[in-house]
Amino acid sequence: MFSKILIANRGEIACRVAATARRLGIATVAVYSDADARAKHVAACDESVRLGPAPAKESYLCGDKIIAAALATGAQAIHPGYGFLSENAEFAQACADAGLVFIGPPASAIRAMGSKSAAKALMEKAAVPLVPGYHGERQDSDFLRGEADRIGYPVLLKASAGGGGKGMRVVERSEDFVAALASCKREAISSFGDDRVLVEKYLTRPRHIEIQVFADAHGHYVYLFERDCSVQRRHQKVLEEAPAPGMSAERRAAMGEAAVAAARAVGYVGAGTVEFIADYSHGEGHSADGSFYFMEMNTRLQVEHPVTEMITGLDLVEWQLRVAAGQTLPLQQDALRIHGHAIEARIYAENPEKGFLPSIGTLTRMRSATAVEFQLGQGQAGQPAQVRIDSGVREGDAISPFYDPMIAKLIVWGSDRDAALRNMARALAQYQVVGLATNIGFLQRLVAGSAFASADLDTGLIERHRDTLFPAPSAPTIETLALAAAALLQEERSASNSIDPWASTSGWRLNMHLLRALTLENEAGALTLQIDYAGDGRHWTLHIDGQPHALQIDAAHDNRLQINLDGRSLQADVVREGEWLHVFGAQGQHSLRHLDPMAHAGHSEAEGGRLTAPMPGKIVALLVQKGASVAQGAPLLIMEAMKMEHTIAAPADGTVEDLLYAVGDQVAEGAQLLEFKAA
C-alpha cells in the first residue's frame with residue numbers, strides 16, 4: 001500500500017479521499033488555488049502545495065504542476081477525484097511516465113471510452129446493448145426511412161455534427177418521416193455546415209440507470225449493483241438512489257453482466273461506471289420489453305458513489321487505493337450483497353426559481369442534520385448511519401464563481417425505500433443555509449412529490465411536474481409572521497438595558513399602549529402588521545389582516561426562539577441577515593424582508609445612482625452609452641459569472657450618467673457598475 005498520495009482535486013471529493021487515506025494510515029498532499037488557500041480540503045490533508053491563480057486552467061487543470069508537486073513531496077500516487085483531470089488520458093500517461101501511479105484506469109481505457117462513436121463500436125463488438133439505430137454514411141431519404149421503419153416508431157433524427165438540440169426531430173409515424181428529415185437536414189446544414197443525420201429509437205420515458213463496476217490488474221471484474229439517476233435538471237443529476245426502484249434480480253444481473261463486458265472490452269482497471277438508458281415508455285415503473293441500452297462509460301469515481309457505499313457497506317475509495325497498489329479486489333461477485341436503500345441529494349448554491357442560476361457568496365450560517373463521519377470499509381459489518389454528509393465547505397467559507405457551486409451531498413440510508421425517503425425529508429428539513437440561495441426548498445418539494453415518492457421515475461420528471469415543483473410565491477403563514485415579528489421584538493428587548501422608562505423599548509407608555517406598524521415582505525408581496533405593546537416587554541398583540549393574535553416570547557437563546565401564539569407553543573431558529581429574517585421551523589424555511597421606512601428613507605438604489613454586481617465576474621457587453629435615457633427594465637450591460645451570463649437592467653426610468661467599466665473588465669461582488677439617475 002502507498003505511504004503518501006497526492007489528491008489532485010478540491011472540495012468534497014478531496015475531503016472524501018483524504019478521510020479514507022487517514023483511516024488507512026496514508027499521508028495526504030492537497031493542492032490548491034489562490035481561491036482555496038484556506039479551504040476545507042487543504043485543512044483535511046497533511047500538507048499542501050499551491051498550484052496557481054483561481055481559474056482552473058491556471059491551477060487544477062495544470063497537470064505538469066500537479067506532477068511536480070507529487071514528486072517534490074514524495075507522493076507515490078495521484079488520486080484525481082472526479083472532474084478536472086480525472087478522465088484525461090494524457091495526464092494519466094504523464095503520471096506513469098513520471099513514475100507515479102494514477103489511481104484510475106490505464107490511459108488506453110480512458111481513450112477508448114472518451115470517443116462516443118468509438119466506444120459504441122467497441123460495445124457492439126462486446127455484445128453490449130446499444131440504442132437501436134443507424135449511424136452510417138448512407139443518407140438517401142428512402143434508405144433512412146426504411147431504417148426508421150425497421151427500428152420502430154417513434155424515432156429520433158439527430159444531426160451527426162449537432163449539439164444543443166439543433167438538427168433534432170422526433171418522428172411519430174412513417175408517413176411523417178420524409179418531411180421531418182428534410183427539415184432536420186436544413187437546420188443541420190445551417191447550424192453546422194453538415195447535413196448528415198443519424199436515426200435512433202426514441203425513448204419517451206427513459207430512465208437513467210448506471211452500474212458501478214470494479215476491476216483489478218489481475219483480471220477480476222465485479223459489478224456493485226446499480227444506481228438510478230433519472231431525476232435530472234438540464235441533463236445534470238439532482239437525486240440518485242440505490243438500488244433502482246422496481247429492478248428485478250434478472251434485470252440487475254443482465255445489466256451488471258453487460259457493464260462488466262464493457263469494462264473487459266477496454267481492459268479496465270479500477271472504479272468505473274457504465275451508464276445505461278432504460279426504456280420505460282409504456283409502463284408505470286416497469287419496462288414494456290425489458291430493454292436497456294449503453295450510453296457511455298465514466299472512467300472515474302462518480303459524484304453519486306456514496307449511495308453504492310451505503311447499500312454495500314464498502315469504501316470504494318479504499319478499493320481504488322488497493323487496486324492501484326496492485327492488490328486484488330477485496331471481494332468477488334458472489335460475496336456482494338445489497339442491504340437497505342440509500343438516496344443522495346445534491347445541495348447546491350443555486351436558485352431553482354431562476355433557472356437554477358448559480359449563487360455565490362459567504363455561508364454566513366450552515367447547520368445540518370446530525371451526521372456520522374464516514375467509516376465504512378468493513379463490508380456488511382453493521383448497519384450504516386442513517387445520515388451522511390459529504391461537504392467541502394464550512395460555515396464562513398465562500399462559494400466562489402470559479403468552481404462548481406456544490407455545498408454538500410446529503411446521503412441517507414433506510415432499511416427500505418420508504419424509510420430512506422422519511423430520513424431524507426427529515427434531514428432536508430434540518431438544513432439551514434444563510435448567505436446565498438440554495439436548492440433545499442426545491443429538493444424538499446421533489447422528495448415529497450407524488451412522482452418521486454411512488455418511484456414513477458424518468459429523466460423528464462422535473463419538467464413534467466413543473467407546476468408543483470415551482471409553485472407561485474405564497475404569503476407567509478401567521479405562524480411565520482409571528483416568529484419573524486418576535487425576533488425583531490427580541491432584538492429591541494436585548495438592545496435596551498436602560499432603567500429609564502422613557503428610553504425603554506418595551507413599549508411602555510403613560511396611560512396608553514404603543515401601537516406600531518411592522519412591514520414584512522416576501523416574493524408574494526408585502527404585508528403590514530400592527531403590534532400592540534402591553535408594556536411589560538414580554539406580551540404583545542399582533543393584528544394580522546385585522547385579526548388579533550396574542551404573542552408572548554417564552555425563551556430566546558442565540559437564534560433560537562420559543563414563543564406562545566394564541567396559546568400554542570412554537571419554536572424556530574430565526575437568523576437575521578441585514579434586512580432579511582430567515583425563519584427555520586416546523587413550517588419550513590421562509591425568508592422575509594423587514595421594510596424599515598426609516599432605514600430606507602432616501603436610499604433606494606435608483607435614487608442613489610448605484611447599480612452593483614450581484615457576484616464577481618467579467619463585463620462581456622455594454623448595451624447602452626453614457627447619457628442614454630432608458631425605461632425601467634431596459635438591459636444596460638451583461639456580466640459573465642460561473643459560465644453563465646447575467647443581464648443588469650434599469651431599476652426605473654432614468655438616465656445612464658456614467659459607465660464605470662469596459663468590456664473585458666473583471667469586477668468584484670458589490671462593485672458599482674454604472675451611475676444612474678432616476679427620472
Peer 1: Measuring from L469:CG to F442:CZ, what's the distance to the nearest 0.5 Å?
Peer 2: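 It comes to 5.0 Å.
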
Peer 1: Which atoms form the tightest heavy-atom contact between D149 and Y153, and what is the distance?
Peer 2: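 In this case the closest contact between D149 and Y153 is OD1-OH, 2.6 Å.
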
Peer 1: For the backbone of H339 and the side chain of W413, can you confirm whether one donor and one acceptor N or O come within less than 3.5 Å of each other?
Peer 2: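 Present.
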
Peer 1: Does any part of the side chain of H41, heavy atoms only, come nearer than 4.5 Å to the side chain of I7, both counted from C-beta?
Peer 2: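 I7 vs H41: side chains apart.
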
Peer 1: Side chains of Q302 and R300: any donor to acceptor distance under 3.5 Å?
Peer 2: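 Judged by distance alone, the side chains do pair up.
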
Peer 1: Could you give me the CA-CA distance, side-chain angles and deciding distance for I66 and I78, then say whether side chain to side chain contact (heavy atoms under 4.5 Å, CB included) is met?
Peer 2: CA-CA 9 Å; I66 291 170; I78 293 178; 4.1 Å; yes

Peer 1: Nearest heavy-atom pair of I211 and G256: which atoms, and what distance?
Peer 2: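 Taking I211 first and G256 second, the nearest heavy atoms are CG2-CA, 4.1 Å.
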
Peer 1: Would you please say whether a donor-acceptor pair under 3.5 Å links the side chains of T312 and R337?
Peer 2: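 Their side chains do not contain a donor-acceptor pair, so the 3.5 Å distance test is not met.
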
Peer 1: Checking side chain to side chain contact (heavy atoms under 4.5 Å, CB included) for the pair T459/I277: CA distance, chi angles, key distance, verdict?
Peer 2: CA-CA 10 Å; T459 57; I277 191 166; 6.0 Å; no

Peer 1: Between R169 and S183, does the side-chain hydrogen bond (donor to acceptor under 3.5 Å, both in side chains) criterion hold? Intermediate values first, please.
Peer 2: CA-CA 8 Å; R169 299 289 185 276; S183 175; 3.0 Å; yes

Peer 1: Please enumerate all residues that pass side chain to side chain donor-acceptor pair (under 3.5 Å) together with S415, with sequence neighbours excluded.
Peer 2: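 Here no residue qualifies.
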
Peer 1: Check the surroundings of atom CD in E58: do more than 12 heavy atoms from other residues, nucleotides or ligands lie under 6.0 Å from it?
Peer 2: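 Atom CD in E58 is crowded, with more than 12 foreign heavy atoms closer than 6.0 Å.
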
Peer 1: Has R145 got its NZ or CZ under 6.0 Å from the middle of the six-membered ring of F177, at an angle within 45 degrees of the ring axis?
Peer 2: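 No cation-pi geometry.
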
Peer 1: Restricting to non-hydrogen atoms, name the atom on V307 and the atom on A342 that form the minimum distance, rounded to 0.1 Å.
Peer 2: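 Here V307 and A342 meet closest at O-CB, 3.8 Å.
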
Peer 1: Do R16 and T20 have side-chain atoms, one donor and one acceptor, less than 3.5 Å apart?
Peer 2: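 Side-chain D/A pair, R16 to T20: present.
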
Peer 1: Will you find, in the side chains of T308 and R227, an N or O donor that is under 3.5 Å from an N or O acceptor?
Peer 2: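 The answer is yes; a qualifying pair exists.
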
Peer 1: Could you tell me whether the side chain of H341 reaches within less than 4.5 Å of the side chain of M310, counting heavy atoms only?
Peer 2: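 No. Closest side-chain heavy atoms not under 4.5 Å.
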
Peer 1: Would the distance check show the side chain of N439 and the main-chain N or O of R346 forming a donor-acceptor pair, the cut-off being under 3.5 Å?
Peer 2: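 Checked: pair present.
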
Peer 1: Looking at R138, is its backbone amide N or carbonyl O close enough to the side chain of Y134 to form a donor-acceptor pair, meaning the two atoms are under 3.5 Å apart?
Peer 2: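 Yes, because the side chain of Y134 sits within donor-acceptor range (under 3.5 Å) of the backbone of R138.
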
Peer 1: Sort out for me which residue in V199, I189, L157, V171 forms a side chain to side chain contact (heavy atoms under 4.5 Å, CB included) with C184.
Peer 2: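 Result for side chain to side chain contact (heavy atoms under 4.5 Å, CB included) with C184: L157.
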
Peer 1: Any Lys/Arg nitrogen of R186 or D195 sitting under 4.0 Å from an Asp/Glu carboxylate oxygen of the other?
Peer 2: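 Salt bridge: no.
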
Peer 1: Sequence neighbours left out, what passes side chain to side chain donor-acceptor pair (under 3.5 Å) with D176? Give chain and number order.
Peer 2: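 So D176 forms a side chain to side chain donor-acceptor pair (under 3.5 Å) with R173.
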
Peer 1: Are any side-chain N or O atoms of E210 and backbone N or O atoms of T273, one a donor and one an acceptor, separated by less than 3.5 Å?
Peer 2: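 Checked: no pair found.
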
Peer 1: Donor-acceptor check, side chain of H79 to backbone of N9, threshold 3.5 angstrom: yes or no?
Peer 2: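 Side chain of H79 to backbone of N9, a donor-acceptor pair under 3.5 Å: no, none is there.
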
Peer 1: Using the six-membered ring wherever Trp is involved, compare the ring planes of H220 and H218 and label them parallel, tilted or perpendicular (cut-offs 30° and 60°).
Peer 2: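 H220 vs H218 ring planes: tilted.
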
Peer 1: Is the shortest side-chain heavy-atom distance between M255 and I209 below 4.5 Å?
Peer 2: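 Yes, close enough: below the 4.5 Å cut-off.
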
Peer 1: What ring pair (Phe, Tyr, Trp, His ring centres under 6.0 Å) pairs are there with at least one residue in residues 242-273, not counting sequence neighbours?
Peer 2: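 Qualifying pairs: none.
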
Peer 1: Find out whether K201 and V155 are in side-chain contact, i.e. whether some heavy atom of one side chain is under 4.5 Å from a heavy atom of the other.
Peer 2: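 When only atoms from C-beta onward are counted, V155 and K201 do not touch, as no gap falls below 4.5 Å.
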
Peer 1: Output the distance between atom CG (L6) and atom OG1 (T28), rounded to the nearest 0.5 Å.
Peer 2: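 With rounding to 0.5 Å, CG (L6) is 9.0 Å from OG1 (T28).
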
Peer 1: Short question: side chain of N423, backbone of Q386 - any donor-acceptor pair under 3.5 Å?
Peer 2: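 No; zero donor-acceptor contacts below 3.5 Å.
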
Peer 1: Write down the atom of V303, the atom of P306, and the distance for their closest heavy-atom approach.
Peer 2: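 In this case the closest contact between V303 and P306 is O-CD, 3.3 Å.
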
Peer 1: Using distance alone, with no hydrogens and no angle criterion, decide if H208 and E275 have a side-chain donor and acceptor under 3.5 Å apart.
Peer 2: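 The answer is yes; a qualifying pair exists.
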
Peer 1: Can you confirm whether R252 sits close enough to I338 that some side-chain heavy atom of one is under 4.5 Å from a side-chain heavy atom of the other?
Peer 2: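 Yes; the side chains approach each other to less than 4.5 Å.
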
Peer 1: Does the side chain of Q327 come within less than 4.5 Å of V323's, by heavy atoms?
Peer 2: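 No; the side chains remain at least 4.5 Å from each other.
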
Peer 1: P245 versus D228: any side-chain heavy-atom pair under 4.5 Å?
Peer 2: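 The answer is yes; the side chains approach within 4.5 Å.
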
Peer 1: Could you give the side-chain donor-acceptor pairs of residues 90-109 under 3.5 Å, partners two or more places apart or in another chain?
Peer 2:
unit_1, atom_1, unit_2, atom_2, d
Q93, NE2, D97, OD1, 3.0

Peer 1: Does a salt bridge link R388 with E344, judged by any charged N lying under 4.0 Å from a carboxylate O?
Peer 2: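 Not counted as a salt bridge, because no side-chain N and carboxylate O are separated by less than 4.0 Å.
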
Peer 1: What are the two closest non-hydrogen atoms of C45 and A18, and how far apart are they?
Peer 2: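 Shortest heavy-atom contact: SG-CB, 4.1 Å.
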
Peer 1: Under a 4.0 Å N-O cut-off, is there an ion pair linking R251 with E226?
Peer 2: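 Salt bridge between R251 and E226, a charged N being under 4.0 Å from a carboxylate O: no.
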
Peer 1: I'd like to know if K409 pairs up with E304 as an ion pair, taking the criterion as any Lys NZ or Arg NE/NH1/NH2 lying under 4.0 Å from an Asp or Glu carboxylate oxygen.
Peer 2: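 Looking at K409 and E304, the cut-off is not met.
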
Peer 1: If you define the side chain from C-beta out and look only at heavy atoms, does anything of S3 sit under 4.5 Å from Q76?
Peer 2: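 Yes, side chains in contact.
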
Peer 1: Indicate yes or no: does D458 engage R464 in a salt bridge with an N to O separation below 4.0 Å.
Peer 2: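 Between R464 and D458 there is a salt bridge, with a charged N closer than 4.0 Å to a carboxylate O.
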
Peer 1: What residues, two or more places apart in sequence or in another chain, satisfy salt bridge (Lys or Arg N to Asp or Glu O under 4.0 Å) together with D416?
Peer 2: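 Salt bridge (Lys or Arg N to Asp or Glu O under 4.0 Å) check on D416 returns nothing, list empty.
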
Peer 1: Measuring from L301:CG to I13:CD1, what's the distance to the nearest 0.5 Å?
Peer 2: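 CD1 of I13 is found 5.0 Å from CG of L301.
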
Peer 1: Begin from the C-alpha positions of L457 and E241 and carry the test side chain to side chain contact (heavy atoms under 4.5 Å, CB included) through to its verdict.
Peer 2: CA-CA 11 Å; L457 309 175; E241 59 183 306; 3.5 Å; yes

Peer 1: So, the side chain of R417 versus the backbone of A244: is there a donor-acceptor pair under 3.5 Å, distance only?
Peer 2: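 It does not hold such a pair.
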
Peer 1: Measuring from L316:CG to Q320:CD, what's the distance to the nearest 0.5 Å?
Peer 2: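 Answer rounded to 0.5 Å: 7.5 Å.
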
Peer 1: Please report the interatomic distance OG(S230) to CZ(R205), rounded to the nearest 0.5 Å.
Peer 2: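 Rounded to the nearest 0.5 Å, the OG-CZ separation comes to 10.0 Å.
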
Peer 1: Test side chain to side chain contact (heavy atoms under 4.5 Å, CB included) on E309 and L314; report intermediate values, then the result.
Peer 2: CA-CA 5 Å; E309 293 180 322; L314 302 170; 5.8 Å; no

Peer 1: What about the rings of Y348 and F356, do their centers lie closer together than 6.0 Å?
Peer 2: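 No; F356 has its ring centre 6.0 Å or more from that of Y348.
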
Peer 1: When the ring planes of F294 and F276 are compared, do they come out parallel, tilted or perpendicular, using 30° and 60° as the limits?
Peer 2: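 Ring orientation of F294 relative to F276: perpendicular.
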
Peer 1: Closer than 3.5 angstrom, by distance alone: can the side chain of E296 be matched with the main-chain N or O of V274 as a donor-acceptor pair?
Peer 2: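 Such a contact is absent between E296 side chain and V274 backbone.
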
Peer 1: Closest approach of V128 and A258, non-hydrogen atoms and distance?
Peer 2: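 Scanning both residues completely, I find the closest heavy atoms to be CG2-O, 3.6 Å.
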
Peer 1: Return the set of residues passing ring-ring contact (aromatic ring centres under 6.0 Å, His included) with Y221 (not counting sequence neighbours), or none when no residue passes.
Peer 2: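 None.
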
Peer 1: Would you compute the distance between atom CE of M406 and atom OG of S391 and round it to the nearest 0.5 angstrom?
Peer 2: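 M406 atom CE to S391 atom OG measures 9.5 Å (nearest 0.5 Å).
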
Peer 1: Between E240 and K237, is there a salt bridge with N-O shorter than 4.0 Å?
Peer 2: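 Answer for the salt bridge query: no.
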
